[in-house]
Amino acid sequence: MDVAVTYRYKRSASRLTVAAHIFGVLAFILMLVWLLHYRGGIEYDSHNVDRVFNVHPFMMFCGFIFLVGEAMMVYKAVPSSHQVQKVIHMILHLVGICCGIVGIAAVFRFHDMINAEDMYSLHSWIGISTICLFGMQWIFGLLSFIVTSDPETRRKMIPWHICGGRGLLYMAISAALTGLMEKATFMQMKHTRENHLMNFTGLFILLFGIFVDLSVTLARYV
């Protein structure tokens with residue numbers, strides 16, 4: 001690939017990374033506005049069931065999806081050595097997975113408080129599958145790219161690692177969107193603005209995932 005084409009791909013991938021950050025921050029802000037202004041706040045140990053539930057969407061997007069997206073873009077966003085980028089990539093993924101576990105624990109606690117059935121919806125099936133597979137992906141990456149010293153093993157594994165990460169990101173986005181739809185169905189909307197806010201939040205989450213994926217995909221050419 002000649003220098004001009006390589007430069008064009010680098011520039012395009014960088015712009016897509018900026019767009020992904022913009023949509024991620026917008027979704028982050030709208031999620032907080034929704035949970036704090038319309039849903040009464042976020043508190044895991046509260047006796048208010050709504051506040052306990054609100055930990056779930058907050059942790060699953062603002063903790064899990066957002067940090068996973070940032071981890072995937074770290075090779076484009078952090079101007080440092082490849083080894084440093086790799087360590088940051090692993091740490092962000094680990095923190096994101098931990099946030100996801102807290103988010104899932106919160107929704108199970110919420111179900112216990114209201115005596116509701118667990119794991120009854122498509123959203124819950126996609127969500128629990130995604131967090132489990134992300135944990136396996138993290139262990140796979142640790143063994144393949146940190147523990148092993150064989151460059152041939154790393155070379156063979158990296159396409160599978162990249163494709164797996166991209167697929168799991170879309171699974172996480174699907175879980176987030178089905179979760180928003182499920183919540184909108186169950187709750188009595190008191191404000192049309194709240195409905196619009198949830199729609200925009202879901203749209204920005206989707207666009208965040210798309211631009212993260214495009215950034216990562218385009219970066220493969222450089």
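At most 12 non-hydrogen atoms from other residues, nucleotides or ligands lie less than 6.0 angstrom from CZ of F200. Other residues, nucleotides and ligands contribute only 12 or fewer heavy atoms inside 6.0 Å of the CE atom of M136.
Of the inter-residue distances, the one linking D213 atom CG with L16 atom CG reads 10.5 Å to the nearest 0.5 angstrom. For the atom pair CG of N54 and CG of N48, the computed distance is 8.0 Å after rounding to the nearest 0.5 Å. Between atom CG of residue L214 and atom CZ of residue F211 there is a gap of 6.5 Å, rounded to the nearest 0.5 Å. Between atom CG of residue L169 and atom CD of residue Q137 there is a gap of 11.0 Å, rounded to the nearest 0.5 Å. Summarising the geometry, atom CD belonging to Q85 is positioned 9.5 Å from atom NZ belonging to K76; distances are rounded to the nearest 0.5 Å. In this structure, CG in L180 is found 11.5 Å from CG in L206, a value given to the nearest 0.5 Å.
Here the closest non-hydrogen pair linking G41 and L36 is CA-CD2, 3.9 Å. In terms of heavy atoms, G69 sits closest to V212 at O-CG1, 4.0 Å.
When the side chain to side chain contact (heavy atoms under 4.5 Å, CB included) test is applied to D45, no partner is found at least two apart in sequence or on another chain. Qualifying ring pair (Phe, Tyr, Trp, His ring centres under 6.0 Å) partners for F64, counting only residues two or more places apart in sequence or in other chains: F134. Applying the side chain to side chain contact (heavy atoms under 4.5 Å, CB included) criterion to E43, with sequence neighbours excluded, gives S46, R51. By the side chain to side chain contact (heavy atoms under 4.5 Å, CB included) test, I139 pairs with L143, sequence neighbours left out. Among residues two or more places apart in sequence or in another chain, the salt bridge (charged side-chain N to carboxylate O under 4.0 Å, His left out) test is passed with R154 by none. Applying the side chain to side chain contact (heavy atoms under 4.5 Å, CB included) rule to E117 yields the partners Y120; only residues at least two apart in sequence or on another chain are considered. Residues passing the ring pair (Phe, Tyr, Trp, His ring centres under 6.0 Å) test with F58, sequence neighbours excluded: none. Take F110 and apply the ring pair (Phe, Tyr, Trp, His ring centres under 6.0 Å) test, not counting sequence neighbours, and it matches F53. Under the ring pair (Phe, Tyr, Trp, His ring centres under 6.0 Å) criterion, H47 pairs with no residue at all, not counting sequence neighbours.
Under the 4.5 Å side-chain contact rule for hydrophobic residues, F186 and V49 do not share a cluster. Connection of M181 to W34 is not established within any shared hydrophobic cluster, with ILVMFWY side chains joined at heavy-atom distances below 4.5 Å, either directly or through further cluster members. Residue I42 is grouped with residue M60 when hydrophobic side chains (ILVMFWY) are merged at heavy-atom distances under 4.5 angstrom, including chains of intermediate members.
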(request) Please test M59 against Y44 for side chain to side chain contact (heavy atoms under 4.5 Å, CB included), starting from the C-alpha separation and ending with a verdict. (result) CA-CA 11 Å; M59 283 293 183; Y44 187 89; over 6 Å; no
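Using a 3.5 Å distance cut-off with no hydrogens or angles, the side chains of T217 and R166 do pair a donor with an acceptor.
With contacts defined as side-chain heavy-atom distances shorter than 4.5 Å, the pair Y38/M198 does not qualify. Counting only heavy atoms from C-beta outward, the side chains of F61 and T201 never approach each other to under 4.5 Å.
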Less than 3.5 Å apart, which donor and acceptor atoms pair up between the side chains of residues 86-105 and the rest of the protein, not counting sequence neighbours?
unit_1, atom_1, unit_2, atom_2, d
K86, NZ, F145, O, 3.1
H89, ND1, A71, O, 2.7

Report all side-chain donor-acceptor pairs from residues 21-33 shorter than 3.5 Å, counting only partners two or more places apart or in another chain.
unit_1, atom_1, unit_2, atom_2, d
H21, ND1, T17, O, 2.8
H21, NE2, E70, OE1, 2.9
H21, NE2, E70, OE2, 3.2

Validation: residues 121-129 side-chain donor-acceptor distances under 3.5 Å, sequence neighbours left out:
unit_1, atom_1, unit_2, atom_2, d
S121, OG, S124, N, 3.2
S121, OG, S124, OG, 3.4
S121, OG, E182, OE1, 2.9
H123, ND1, A175, O, 2.7
H123, ND1, T178, OG1, 3.4
H123, ND1, G179, N, 3.3
S124, OG, S121, N, 3.1
S124, OG, S121, O, 2.7
W125, NE1, M119, O, 3.1
S129, OG, W125, O, 2.8

